[in-house]
Amino acid sequence: MTDFKRLLETLSGVEFILVGGVAATAHGSVRLTVDLDIVYRRTKENVRKVALALAGVNPYLRGAPPGLPFRWDEETIWRGLNFTLTTELGAIDLLGEITGGGGFDDLLPHCVRLEPFGIPCLCLSLKKLIQVKRAAGRPKDFDAVAELEAILEQTAEAP
Amino acid sequence: MDRITRSRGPASYIFTSTKTAYDENMADKQELRLDPDPVIEAYKQHIDLTLIRESLKLTVTERMERLLEMQRLAEEMKRAGRVAKPAR
């Protein structure tokens with residue numbers, strides 16, 4: 001199980017944008033998701049913050065065999081881009097870029113601000129979330145995109 | 001404040017340590033156009049709008065708490081499935 005609240009608290013001070021299933025939940029989706037997907041900003045200062053923030057929850061490559069050498073630090077983040085991790089608080093996808101959306105600075109103009117559990121964070125707007133999920137073109141997302149578009153229609157119809 | 005809002009407060013509200021802080025001018029500057037996709041339209045026929053309407057009545061935190069509850073239920077059902085025995 002992923003403790004979304006504690007993961008968000010752990011990421012306090014990090015520049016990131018909520019994307020994926022949790023962002024969909026924030027917009028009203030009723031689908032189950034089990035990981036936290038975030039796009040982090042690839043700046044020196046922020047990469048350092050990401051490394052420090054997650055160091056305390058023992059990140060490890062999700063699905064990798066136990067015992068595989070893996071060092072979590074700034075250098076590892078700079079050498080990679082997108083990381084699918086398991087932590088003591090659950091699964092987190094740490095993304096430098098997403099298909100159809102780009103990186104943090106590309107997505108920033110399409111964010112809304114929200115405070116789940118009283119924790120301020122940025123979340124991809126509903127329209128942009130639909131757009132990037134469409135761009136990914138994965139059949140497994142078709143149902144999710146249909147639900148998000150239905151939410152968009154419902155919110156547009158609301159008084 | 002718990003519902004989703006566009007940024008209206010001071011730029012320093014979320015990020016105080018960066019030069020390029022998020023501010024209200026950054027929220028959805030570009031109007032996104034979403035043309036209907038026939039595949040998605042077909043999938044949309046099977047969406048339960050009653051569930052969505054109920055969800056939209058909740059705050060963001062309530063939606064996240066419901067997600068945690070769903071996760072707990074899924075874990076419990078998986079556990080129950082592992083130890084399930086034939087009915088007779």
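Per chain, numbering begins at 1; letters A, B, ... match sequence-line order. None of the values given here were measured: they were computed from a predicted structure.
- In terms of heavy-atom proximity, B/S55 sits nearest to A/G28 at OG-O, 2.7 Å.
- In this structure, A/Q131 and B/L34 have side chains that are in contact, with non-hydrogen atoms separated by less than 4.5 Å.
- Using a 4.5 Å heavy-atom cutoff, the side chains of A/Q154 and B/R53 are in contact.
- Annotation: maximal heavy-atom pairing with chain A below 4.5 Å, among B/D37, B/V39, B/D35, B/L73, occurs at B/D35.
- Neither the backbone nor the side chain of A/T43 has a heavy atom closer than 4.5 Å to any heavy atom of chain B.
- For B/L49, the part sitting under 4.5 Å from any heavy atom of chain A is the side chain, from C-beta outward, and nothing else.
- Contact of A/R31 with chain B is made through the backbone alone, with heavy-atom distances under 4.5 Å.
- No part of A/I119 comes within reach of chain B, as not one of its non-hydrogen atoms sits under 4.5 angstrom from that chain.
- Side-chain contact check for B/L68 versus A/F4: some heavy-atom pair is nearer than 4.5 Å.
- For A/L124, no part lies under 4.5 angstrom from a heavy atom of chain B.
- Contact check for B/E65 versus A/F117: side-chain heavy atoms found under the 4.5 Å cut-off.
- Within the 3.5 Å criterion, the main-chain N or O of A/T2 finds a donor-acceptor partner in the side chain of B/Q71.
- A pairwise comparison of heavy atoms in A/A150 and B/I47 identifies CB-CG2, 4.0 Å as the closest pair.
- The two atoms that bring A/F142 and B/I40 nearest to each other are O-CD1, 3.8 Å, heavy atoms only.
- Only the side chain of B/A74 comes within less than 4.5 Å of a heavy atom in chain A; its backbone stays farther off.
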